[in-house]
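Reviewing the structure listed below.
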Amino acid sequence: MDVLARGLSREFPNPERVGCPDSSILRGIASHKLPLSQAAPWFGHLSACSPCFQDFNTFRREAAGQRRRIQVWLAAAAVLLFAVGGWLWVRSRPSGQTTAVVVLDLRGRAAARGESTSETSQPSLEVSRNARNLNLELPIGSNEGAYDVALINPNGAELFRTSATAKLEDHIVVLRVDVNLAGISPGMYFLGLRQPSVEWMRFPIRVL
Ligand SMILES: [Zn+2]
């Protein structure tokens with residue numbers, strides 16, 4: 001029996017296949033969609049009737065192919081979900097990359113020396129707690145070299161401290177420091193800056 005004939009035999013009753021189950025039943029058995037109680041009576045026939053068994057095998061391969069296609073689609077959907085989820089996660093992170101690097105221009109700013117906390121009339125510097133890198137443009141006349149950088153609270157306690165090396169960049173002495181201010185409460189502080197064995201210069205700074 002060629003393919004066309006077999007195909008037709010599924011859709012139309014074939015006189016040679018009197019007593020054979022309907023193709024929908026074979027399909028149901030092959031795809032495991034038919035309840036066992038309805039499928040079981042045909043098992044004996046399937047084992048004895050060659051055309052039915054061939055149809056059954058064809059349906060079973062089709063069903064397997066369909067399952068594979070569904071699996072491929074599910075996998076693709078999962079990948080898409082992860083991609084969209086990841087994108088949303090990156091977007092919704094509180095920091096955003098725009099605030100990661102903060103430039104603070106200290107040129108022309110008056111610094112309080114030592115322990116005195118004299119107020120200046122200048123607006124305070126501002127830095128987000130999400131900042132990860134500060135680019136400090138040091139006051140005119142500052143030296144290149146090693147500096148300590150600290151966040152100092154109004155009581156004089158250091159909440160964060162790190163060290164970095166200032167370099168002359170395009171006529172400005174720039175100190176690039178990595179910071180982690182995630183644990184700092186928003187409020188007014190001082191940005192402390194000093195070269196080794198020199199007293200702190202303090203700049204009022206607002207942590208946002
Ligand atoms: Zn049959």
Side-chain angles (χ1 to χ4, degrees), residues 1-104 126-136 149 151 159-164 169 174 176-187 206-208:
M1 188 181 289
D2 64 22
V3 173
L4 181 61
R6 278 206 296 127
L8 286 173
S9 74
R10 279 185 225 154
E11 312 305 335
F12 305 102
N14 184 328
E16 292 172 14
R17 292 180 64 175
V18 171
C20 290
D22 193 79
S23 66
S24 66
I25 290 176
L26 290 177
R27 229 180 253 279
I29 297 171
S31 61
H32 304 286
K33 281 175 184 158
L34 202 67
L36 187 62
S37 60
Q38 292 176 42
W42 297 105
F43 288 168
H45 178 88
L46 269 180
S47 64
C49 174
S50 170
C52 279
F53 187 69
Q54 283 177 21
D55 282 357
F56 168 77
N57 267 335
T58 303
F59 293 146
R60 203 173 53 173
R61 277 196 295 275
E62 284 176 9
Q66 202 166 27
R67 274 198 302 277
R68 265 198 302 280
R69 278 195 298 279
I70 289 171
Q71 280 165 358
V72 167
W73 274 109
L74 285 176
V79 167
L80 191 66
L81 274 177
F82 274 116
V84 170
W87 180 73
L88 286 174
W89 182 76
V90 166
R91 261 177 52 105
S92 66
R93 272 191 307 173
S95 71
Q97 294 304 306
T98 53
T99 58
V101 178
V102 174
V103 176
L104 296 177
E126 289 186 346
V127 65
S128 160
R129 287 188 297 164
N130 301 317
R132 290 292 173 267
N133 308 97
L134 301 184
N135 289 357
L136 305 177
V149 177
L151 189 72
L159 304 179
F160 174 84
R161 181 154 163 191
T162 187
S163 301
E169 297 180 12
V174 178
R176 298 178 189 276
V177 292
D178 298 331
V179 294
N180 181 0
L181 306 178
I184 307 289
S185 305
R206 181 185 298 280
V207 175
L208 304 174

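In each ligand, atom 1 is the first atom listed, and ligand 1 is the first ligand listed. FYI, side chains are in, hydrogens and waters are out, and symmetry mates aren't considered; it's all heavy atoms of this structure.
By the salt bridge (charged side-chain N to carboxylate O under 4.0 Å, His left out) test, Arg161 is found to be paired with Asp148, Glu158, residues two or more places apart in sequence or in another chain being considered. The salt bridge (charged side-chain N to carboxylate O under 4.0 Å, His left out) test applied to Glu126 returns no partner, not counting sequence neighbours. Listed by chain and residue number, Ser37, Gln38 satisfy the side chain to side chain contact (heavy atoms under 4.5 Å, CB included) test with Pro35 (two or more places apart in sequence, or in another chain).
Annotation for Trp42 and Ile29: closest pair CB-CD1, 4.0 Å, computed over non-hydrogen atoms. Closest heavy-atom contact between Ala164 and Val177: CB-CG1, 3.3 Å. Of all the heavy atoms in Asp178 and Thr162, the pair that sits closest is O-CG2, 3.9 Å.
At a cut-off of 2.8 Å, measuring from the Zn ion (ligand 1), the protein N, O or S atoms that fall short of it are Cys20 SG, His45 NE2, Cys49 SG, Cys52 SG, waters left aside.
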